Amino acid sequence: MEPRIDAAFSERLPAIEAGWRKKWAENKAFEADAPATRPRVQGLGSRVQGLEQDPRPKTQDPGLLKPKTSKYFITPAFPYPNSPQHIGHGRTYTTTDIYARFMRLLGKQVLFPMAFHVTGTPILAMAKRIAAKDGELLDIFDRIYGIPKELAETLTDPKELVKYFSDEIEQGMKELGLSVDWRRKFYTFDPCFNRFIEWQFHKLHEAGYVKKGSHPVPWCTACGNAVGSHDTQGDKDPEIEQVTMVKFRFRDGFLVVATYRPETIYGVTNIWFNPKAAYVRAIAGNSRRDFHPQVIDDRSCRDMLQQEHLKSQQAIAADANTNRETIYYLAEEASKRLAKQLLIKKAGNAKIKENDLALNPLTNENVPLLPAEFVEPGIGTGVVMSVPAHAPYDYLALRDLNLLQKIPPKVIISTPGYGMPAKDAVEKLGVKNQADEKAELATKEVYTAEAHQGTMLAGKYTGMPVKIAKEKVAADIIREGSGVGIYELANAPISCRCGNQVSVEIVRDQWFLDYGNPEWKALAKECLESMTLLPEKTRIDYKYTIDWLIDKACTRKHGLGTPFPYDKSQIVESLSDSTIYMAYYTISHLLSQLPEGMVGDELFDYIFLSKQKPKNNGYGKHEKLIEKMKNEFEHWYPLDSRHSAGDLIHNHLTFFIFNHAAIFPRKHWPKQIAVNGFVLMEGKKMSKSLGNILPIRKAMATYGADVVRFVIVSGAELFEDADFNMENIEGVRQRLNFLHGLISDKAGGRRENVKTAPAGAQDNSFAGKWFRSRYHRRIKNACGNYKQLAIRTICNELFYENINDLKIYLKLSPNADLSEFFELFVPAISPIMPHVAEEFWHQLGKKGFVFVAGYPKWEEAAIDESLEYGMDIANALVDDVRNILALVKVENPKKVSLFVADEWKRKVYSIVAAAKNQQESMKQCFCDAELKAKGTDTVRLVQYYLKKLNLLTRRLLSAKEELAMLESLKDYLTTEFGFTVEIAMETKSQNPKAKNAMPMRPSIFIE
RNA sequence: GCGGGGGUGGCAGAGCCUGGCCAAAUGCGUAGGACUGAGGCUCCUAUGGUAUAGCACCUGCAAGGGUUCAAAUCCCUUCCCCCGCACCA
């Protein structure tokens, strides 16, 4: 009686899927064009003619199924083709495809295009590594992706590389069943796309959002190159941080002191230098002039700096006019490292002597220079300010020199629990001298305490928490010219692959997108406000990012891509050339028909912004085509949904918002962004070093696309990480086999399960109605969940739970007619498992593709909660009976009697449920004559329910209703128990067990 | 440091917004049983503890405290873990 399992189905799946993909391709199923004429026409633009109306009567439709517009434009982030894709990449694309296919089911005309992003350096770098026959790389290709060495070695030309991998990825996407309109494919190094990016930057420039400046980069002086983490020994990511450099007036110039604690400058008593180090007098250009305003910026005090920004810019501009030279005194070693940042032109030896004086710019005090060997000439500037009250090392150094009397420490920060923090900590820990290891501990303790709890006792910001004052003092010092900000490597030392130490260099001809522009920010926020976000909880991340962004370097010296229009020696950086390309999709397949010379600003202005028609003499000749393009754009834009992995919120997706807001009118702003999490491999992050990368094509060839699709999206809710593991794979395959066994006429003559019964020939048994209620409800829920992309929920309910119910149902009714179930189930699951759905649909004898069959129409009337409630009661009874049978050895049980609780108990139930306390419950019960007459019985029941108030949230049935429900369950229960079931009111029975009956919990007697 | 997300049974992972049949879904694992030539399939049962003609009690959702008739769920404090912080796709 068990349903036959068709074990072969999951084995055959890859082949079956290929067949359906071929049919889709032959029918150009996913090619979508704008209707020829405006205004927009309703209906399917797809060329598929398969949509047939559901013959069943229209049922209630609470708005879920009604699309508001007829078109739907959806794009995922395009791939970067420098290696084949793995199952992790598949998640974003599958999610996008699910949404696209769901929208098709809702009757929308869907455009889902795809292109390749080749901008940037990694492809170039990879081609180089291949040319150099990098064994590690070739090994990864071979071992993980199965690309033979001989083939890989030929990919030394970047274009060849792009071609190879993009073909590979495209093939994989096709195999995944993505419903993409491939005619619109392009590459970001295509000349027409370059024109488009130029146009974009012209628009941004016109709006005043493009500017030139400088910015710090990790740098190797030996190589003369910027250094990324992959260029360092041990792949260390060089972190740059800003340090305040304070200028103490000294001789004919300044002694410069680098500090992380600018607020302590009020407590400086002296300055340390290393008597063994060489010092220089350096002549420098006016460094402030050349620094980009970002230099004075610090993310942790952004709000304040928003306002300071303009002032400082003016100050810098004013200063620039004077073009003074500055003289700095610092350690020779430091001067070399900072030469570029400080614009040092030349440097000569300088002798620094003990007790020389330097002027503190904030306190206007002269402080003496003192020797200390702990000062490292290579760190900072090789000169250190001494704050003995707050820095244990300074305190110890003074103590070691026996100068504490002569130079008393100045306490300028008040910290709870400390008097003079450095002294207290040193004494508490018993630190002997500078060389003592415990000095480090003391330092940490003091710094932490002061940073978190300290309050300023001196200077302009007296009374302010150190945390805030620190930033303000730093900003003041720089703005007033008493110091400069310099960049240092936070995690130094880092070695370049060449062996040289990495330092920081300021790149000066750098172009920026001014995401800090308040107007632009406001537009971006407005755009964000107008969008739906999936999941909605990501909104805070976008908001934060929009606030946080300042300048984005948008040019790069090397790499593939579009030459930057205002400096053709550079290219547009890769995140900046992929912000509005969705608009380009609308016309990408038509552009090649135009002469190249016509593709430019005029054309794009007309198509995208409805400015005047191009005057270019070619226009007349190509009018029709250009109008067609404009029509395409206006039909498809705005973008209805943008999909990506969640890690792009902080850059790409926010840039996407900014750029759309800057360039397009409000009616063309994007409407939605959806982001998903990653895919883990057997619980671990996929990585080349772990070697646990599963290429998606390999996975699909083994398990079939739909199994892979299902597993990578069902494992976790949208934004969470999903796990790809064998158990899930096997579970899905087995269930597909089970379903196929039921649906297939080749699986052992069980055709009767899906015989095409006339609508309405329903199983009216309790189990039949229950099952029907369950799946109708699930189809309905899934519709709402698809909209929210709650895919895990959909998979659980629609697939796993439906199948569980189906099994229960078949146990009770082995020859049931399942045709209605499958007619609803198959289209509903089709967005997730499109191939399987087509196959099942076909086997159900349906004509046309399931993907245009429309979202299945559930019947509200079929959804009946009381059936599910009844099932709960029934299951509780079954459990109880089993319990009893297990405990008591009734020999050959023949009959079970169920007694339904009397009406008075229900009265008590209602009273207690409403009153929720003893006094009130009792009062009300004794107002009732019947309950009063029951006396102690009533009291006992009230007490019972008061203890179990949580039970009273169940829906209360009347005795009559409960009796009727049990009657309807009788067949079901009989089948479950395997012996006779009798049902009676407790009042009608003499059985001593009868009076134990409680509402919704009949008492049981087995004999 | 700043920002975000988390800590649930042997494991994975729901539930938390909107407190109440929540000793906590589902899957896996484990144990026993059925079916079978056999099973890595499928099905049934058990899986915090105690008790037991059932529907009961105790302990429990990082730790501690609070609100409430009622807390995994709400509030406060503490501890711990993960991710991002850019010019890089």
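Computed from a predicted structure; not experimentally measured. Just so it is clear: chains get the letters A, B, ... in the order the sequence lines come, proteins before strands, and each one is counted from 1.
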**Q** When the P atoms of B/U26 and B/U18 are considered, how many whole Å apart are they?
**A** 26 Å
**Q** What's the closest nucleotide to the A/Leu549 side chain, out of B/A86, B/C44, B/C28?
**A** B/A86
**Q** Return the CG to CD1 distance between A/Leu513 and A/Ile550, rounded to the nearest 0.5 Å.
**A** 13.5 Å
**Q** Checking contacts here: which listed nucleotide (B/G15, B/C2, B/A86) is nearest the side-chain heavy atoms of A/Tyr544?
**A** B/C2
**Q** For atom P, what is the distance between B/A63 and B/U8, given to the nearest Å?
**A** 10 Å
**Q** In whole Å, what separates the P atom of B/A24 from that of B/C81?
**A** 33 Å
**Q** Report the nucleotide, chosen from B/C57, B/C69, B/A53, that has the shortest atom-to-atom distance to any side-chain atom of A/Lys916.
**A** B/C69
**Q** Take the angle between the ring planes of A/Phe655 and A/Tyr515 and call it parallel below 30°, perpendicular above 60°, tilted in between.
**A** parallel
**Q** Which part of the nucleic acid, if any, lies within contact of A/Asn917, taking any heavy atom under 4.0 Å across all strands shown: a base, the sugar-phosphate backbone alone, or nothing?
**A** nothing
**Q** If every non-hydrogen atom of A/Ile808 is compared with every non-hydrogen atom of A/Met871, which pair is closest and at what distance?
**A** CG2-CE, 4.2 Å
**Q** Heavy atoms under 4.0 Å, any strand shown: does A/Phe719 hit a base, just sugar-phosphate, or nothing?
**A** nothing
**Q** Which of the following nucleotides, B/C87, B/G20, B/C55, is nearest to the side chain of A/Arg1001?
**A** B/C55
**Q** Categorize A/Tyr944 for me: base, sugar-phosphate, or nothing, with a 4.0 angstrom heavy-atom threshold over every strand shown.
**A** sugar-phosphate
**Q** With both distances under 3.5 angstrom, what nucleotide forms a Watson-Crick or G-U wobble pair with B/C35?
**A** none
**Q** Whole angstrom is fine here: how far is it from CD1 in A/Ile808 over to C1' in B/A25?
**A** 14 Å
**Q** Give me the distance, rounded to whole Å, that separates B/A23 from B/G32 when you measure between the P atoms they each carry.
**A** 30 Å
**Q** Under 6.0 Å between ring centres: does that hold for A/Phe564 and A/Phe201?
**A** yes
**Q** With a non-hydrogen cut-off below 4.0 angstrom, is A/Ser576 in contact with a base, only sugar-phosphate, or nothing?
**A** nothing
**Q** Determine the interatomic distance between C1' on B/U67 and the same-named atom on B/C44; round to the nearest Å.
**A** 46 Å
**Q** In whole Å, I'd like the distance from the CD atom of A/Gln510 to the P atom of B/A86.
**A** 15 Å
**Q** Within less than 4.0 Å of OP1 or OP2 of B/C57, is there a side-chain N or O belonging to A/Lys948?
**A** yes
**Q** Between A/Gln734 and B/U42, is there a contact of a side-chain N or O with OP1 or OP2 at under 4.0 Å?
**A** yes
**Q** Hey, does the side chain of A/Thr793 come within less than 4.0 Å of B/A14's phosphate (OP1/OP2), counting only N and O?
**A** no
**Q** Describe, in one word, how the ring planes of A/Phe116 and A/Tyr187 are oriented to each other, choosing from parallel (under 30°), tilted (30 to 60°) and perpendicular (over 60°).
**A** parallel
**Q** Taking the minimum atom-to-atom distance to the side chain of A/Leu648, which one of B/G5, B/U45, B/A89 wins?
**A** B/A89
**Q** Let me spell it out: for each of A/Thr555 and A/Arg735, pick the nucleotide of RNA chain B with the closest heavy atom. Which residue's pick is nearer the 5' end?
**A** A/Arg735
**Q** Going by purine N1 to pyrimidine N3 plus the second Watson-Crick contact, or the G-U wobble pair, all under 3.5 Å, which nucleotide sits opposite B/C41?
**A** none
**Q** Classify the ring geometry of A/Phe78 against A/His117: parallel below 30°, tilted from 30° to 60°, perpendicular beyond 60°.
**A** parallel
**Q** From B/C87, B/C55, B/C44, pick the nucleotide closest to the side chain of A/Lys552?
**A** B/C87
**Q** If you pin A/His117 and A/Asn725 to their nearest nucleotides in RNA chain B, which one's is more 5'?
**A** A/Asn725
**Q** A/Phe799 CZ to B/G27 C1': how many Å, rounded?
**A** 13 Å
**Q** Charged N to carboxylate O below 4.0 Å: is that the case for A/Arg777 and A/Glu797?
**A** no
**Q** Does the structure show a Watson-Crick or G-U wobble partner for B/U67, both distances under 3.5 Å? Name it, or say none.
**A** none
**Q** Contact class for A/Gly120 (heavy atom, under 4.0 Å): base, sugar-phosphate, or nothing?
**A** sugar-phosphate
**Q** Quick check for you: among B/C85, B/A89, B/C28, whose closest atom lies nearest to any side-chain atom of A/Glu727?
**A** B/C28
**Q** Test the A/Lys685-A/Phe678 pair against the cation-pi criterion, namely NZ or CZ under 6.0 angstrom from the six-membered ring centroid and within 45° of the ring axis.
**A** yes
**Q** What nucleic acid atoms does A/Asn883 come within less than 4.0 Å of, heavy atoms only: base, sugar-phosphate, or nothing?
**A** sugar-phosphate
**Q** With a 4.0 Å limit, can you tell me whether A/Tyr945 has a side-chain N or O closer than that to the phosphate oxygens OP1/OP2 of B/C69?
**A** no
**Q** Kindly point out which of B/A53, B/G20, B/A86 is positioned nearest to the side chain of A/Lys993?
**A** B/A53
**Q** Pairing check on B/C79: which nucleotide meets the Watson-Crick or G-U wobble criteria with it, both distances under 3.5 Å?
**A** B/G7
**Q** What is the base-pairing partner of B/A56, counting Watson-Crick and G-U wobble geometry with both distances under 3.5 Å?
**A** B/U50
**Q** Using a cut-off of 4.0 Å on non-hydrogen atoms, how would the nucleic acid contact of A/Leu946 be classed: base, sugar-phosphate, or nothing?
**A** nothing
**Q** Aromatic rings A/Tyr544 and A/Trp548: how do their planes relate, parallel, tilted or perpendicular, breaks at 30° and 60°?
**A** parallel
**Q** Determine which nucleotide pairs with B/C22, using a 3.5 Å limit on both distances of a Watson-Crick or G-U wobble pair.
**A** none
**Q** Which nucleotide sits closest to the side chain of A/His650: B/G84, B/A89, B/G15?
**A** B/G84
**Q** When the P atoms of B/U73 and B/G19 are considered, how many whole Å apart are they?
**A** 12 Å
**Q** Is there a side-chain contact between A/Lys807 and the phosphate of B/C43, meaning an N or O under 4.0 Å from OP1 or OP2?
**A** yes
**Q** Picking from B/G6, B/G20, B/A53, which would you name as closest to the side chain of A/Ile884?
**A** B/A53
**Q** Using atom P in both nucleotides, what's the gap between B/G27 and B/G4 to the nearest angstrom?
**A** 36 Å
**Q** A/Ile791 CD1 to B/A14 P: how many Å, rounded?
**A** 15 Å
**Q** Can you tell me the Watson-Crick or wobble partner of B/C17, both distances under 3.5 angstrom?
**A** none
**Q** Determine the interatomic distance between C1' on B/A14 and the same-named atom on B/C41; round to the nearest Å.
**A** 28 Å
